[in-house]
Amino acid sequence: MNRIVFATNNAHKLQEVRHILGDGVQVLSLRDIGCEADIPETGTTLEENARQKAQYIWQHYHCSVFADDTGLEVDALGGAPGVYSARYAAMDTAGAASHDSEANMARLLRELGNNNNRRARFRTVIALILKKDSCPCECNSLKQEHLFEGIVEGEITRERSGSEGFGYDPIFRPDGYDQTFAELGAEVKDRISHRARATQKLAEFLRYAK
């Protein structure tokens, strides 16, 4: 296994995943394979969304692919925003854009208010589809599917802190650290984050995949 598609064009995700997988695996983006489609994410769980994205690329490009979905789960909000993390503000405010990190954080902090229960976790699910030997009719339909999960526990801070990272990183402090993801920097985050943990499981699997 030396070439695989990561179903994203997010530069931050690509950098993080390429760093973890190392030089032994060439990770291609959607743009690299000429995919400009707005891939549907209509699942109600992280697992469903990750599978949906991976299946889309498999069905249209017949190549080995993995896709991820990540959610921030806040205990005091009943696990929200969860699967809707990237578009949390857009669900609350007319005209708000999806993937607007500042708006998403603002809504989350507003809803938590002065609640002293700040416990939360980031959870990432990676869905992998590996292309196997083609069947006799050359339909390239043979494949293997696998799921990998990474979780990091922590708490939501009361205000933003730090300038690195993306998404909710400025307001999430992982257990065992006194800084947010946005303050810890890429080197530390690549080692301990939810996506790092899921990707490390993926990397270990790919190391022995036939």
Side-chain angles (χ1 to χ4, degrees), residues 8 10-13 15-17 19-20 41-53 67-127 147-202:
T8 187
N10 185 302
H12 295 287
K13 286 186 180 183
Q15 181 180 15
E16 188 174 335
V17 166
H19 176 73
I20 294 169
E41 295 181 60
T42 58
T44 58
T45 67
L46 301 178
E47 289 81 1
E48 288 176 2
N49 275 346
R51 281 197 183 103
Q52 190 174 34
K53 289 185 282 188
D68 78 317
D69 200 23
T70 293
L72 175 64
E73 301 170 347
V74 181
D75 287 354
L77 301 180
V83 71
Y84 306 109
S85 295
R87 52 190 185 277
Y88 197 42
M91 298 168 61
D92 180 58
T93 305
S98 182
H99 294 80
D100 184 335
S101 296
E102 287 299 320
N104 288 337
M105 285 189 287
R107 179 184 177 187
L108 182 62
L109 291 175
R110 182 175 66 251
E111 293 192 346
L112 266 182
N114 292 322
N115 195 319
N116 289 324
N117 179 8
R118 319 291 290 190
R119 294 301 303 170
R121 71 205 47 81
F122 268 120
R123 191 163 68 91
T124 288
V125 174
I126 291 176
L147 285 177
F148 307 92
E149 182 185 58
I151 299 173
V152 59
E153 298 282 346
E155 62 180 11
I156 302 300
T157 58
R158 294 182 182 274
E159 57 186 25
R160 299 167 180 77
S161 187
S163 59
E164 296 194 41
F166 57 99
Y168 295 89
D169 285 357
I171 61 172
F172 182 83
R173 182 188 298 121
D175 286 350
Y177 294 84
D178 58 5
Q179 294 177 301
T180 67
F181 268 159
E183 295 174 296
L184 288 171
E187 184 176 349
V188 175
K189 185 184 175 185
D190 284 355
R191 190 171 69 248
I192 69 168
S193 79
H194 45 295
R195 186 173 294 105
R197 291 174 177 176
T199 305
Q200 285 159 1
K201 292 177 182 178
L202 170 67

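Residues: numbered from 1 along the sequence shown. As the structure is a prediction and not an experimental result, all values here were calculated from the model.
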Verdict with supporting geometry, Asp175 and Arg121, salt bridge (charged side-chain N to carboxylate O under 4.0 Å, His left out) | CA-CA 10 Å; Asp175 286 350; Arg121 71 205 47 81; over 6 Å; no
What are the two closest non-hydrogen atoms of Glu149 and Ala198, and how far apart are they?
-> C-CB, 3.9 Å
Do the side chains of Asp169 and Glu164 get nearer than 4.5 Å, heavy atoms only?
-> no
Taking all non-hydrogen atoms of both residues into account, name the closest pair between Ser161 and Ala182 and its distance.
-> O-CB, 3.6 Å
Smallest heavy-atom separation, Pro170 atom then Thr157 atom, equals O-OG1, 3.9 Å
Residues passing the salt bridge (Lys or Arg N to Asp or Glu O under 4.0 Å) test with Glu111, sequence neighbours excluded, are Arg107
Please answer whether the main-chain N or O of Glu155 pairs with a side-chain N or O of Arg173 as donor and acceptor at a distance below 3.5 Å.
-> no
Spatial distance of atom CG (Leu108) from atom CD1 (Ile156) [nearest 0.5 Å] = 5.0 Å
Enter the distance from Arg158:CZ to Asn115:CG here, rounded to the nearest 0.5 Å.
-> 8.0 Å
Who pairs with Lys201 by salt bridge (Lys or Arg N to Asp or Glu O under 4.0 Å), at least two apart in sequence or on another chain?
-> none
For Glu183, the salt bridge (Lys or Arg N to Asp or Glu O under 4.0 Å) test, sequence neighbours excluded, returns none
Closest non-hydrogen atom pair between Asn104 and Arg87, with its separation | OD1-C, 4.0 Å
For the pair Lys53 (side chain) and Asp68 (backbone), establish whether a donor and an acceptor sit closer than 3.5 Å, ignoring hydrogens and angles.
-> yes
Hey, what's the ring geometry for Phe172 with Phe181, parallel, tilted or perpendicular (30° and 60° as the breaks)?
-> tilted
Do Asn117 and Val74 come within less than 4.5 Å of each other through their side chains, counting heavy atoms only?
-> no
On a heavy-atom basis, the closest approach of Lys13 and Thr8 is CD-OG1, 4.0 Å
Please examine the side chains of Asp69 and Val125, heavy atoms only from C-beta on, and report whether any two atoms are closer than 4.5 Å.
-> no
Please list, chain by chain and in numerical order, all residues satisfying salt bridge (Lys or Arg N to Asp or Glu O under 4.0 Å) with Arg160, sequence neighbours excluded.
-> Glu102
Compare all side-chain heavy atoms of Glu48 with those of Thr42 and state whether any distance is below 4.5 angstrom.
-> no
Ile151 and Arg197: which non-hydrogen atoms are nearest, and at how many Å?
-> O-NH1, 2.7 Å
If you draw a 6.0 Å radius around CD in Gln179, do more than 12 non-hydrogen atoms from other residues or ligands fall strictly inside?
-> yes
Hey, can you pull the donor-acceptor pairs under 3.5 Å for the side chains in residues 76-86, sequence neighbours left out?
{"unit_1": "Ser85", "atom_1": "OG", "unit_2": "Leu72", "atom_2": "N", "d": "2.9"}
{"unit_1": "Ser85", "atom_1": "OG", "unit_2": "Gly82", "atom_2": "O", "d": "2.5"}

Any side-chain heavy-atom pair from Arg195 and Val17 closer than 4.5 angstrom?
-> yes
Please test Thr124 against Val152 for side-chain contact (heavy atoms from CB on, under 4.5 Å), starting from the C-alpha separation and ending with a verdict.
-> CA-CA 9 Å; Thr124 288; Val152 59; over 6 Å; no
What distance do Asp100 atom CG and Met105 atom CE have between them, rounded to the nearest 0.5 Å?
-> 8.5 Å
Can you find a pair of side-chain heavy atoms, one from Leu46 and one from Arg123, that are under 4.5 Å apart?
-> yes
Separation between CD1 of Ile20 and OG1 of Thr199, rounded to the nearest 0.5 Å = 4.5 Å
All ring pair (Phe, Tyr, Trp, His ring centres under 6.0 Å) counterparts of His19, not counting sequence neighbours | none
Give a yes/no verdict on a cation-pi contact between Lys189 and Phe166, requiring under 6.0 Å between NZ or CZ and the six-membered ring centre and an angle within 45° of the axis.
-> yes
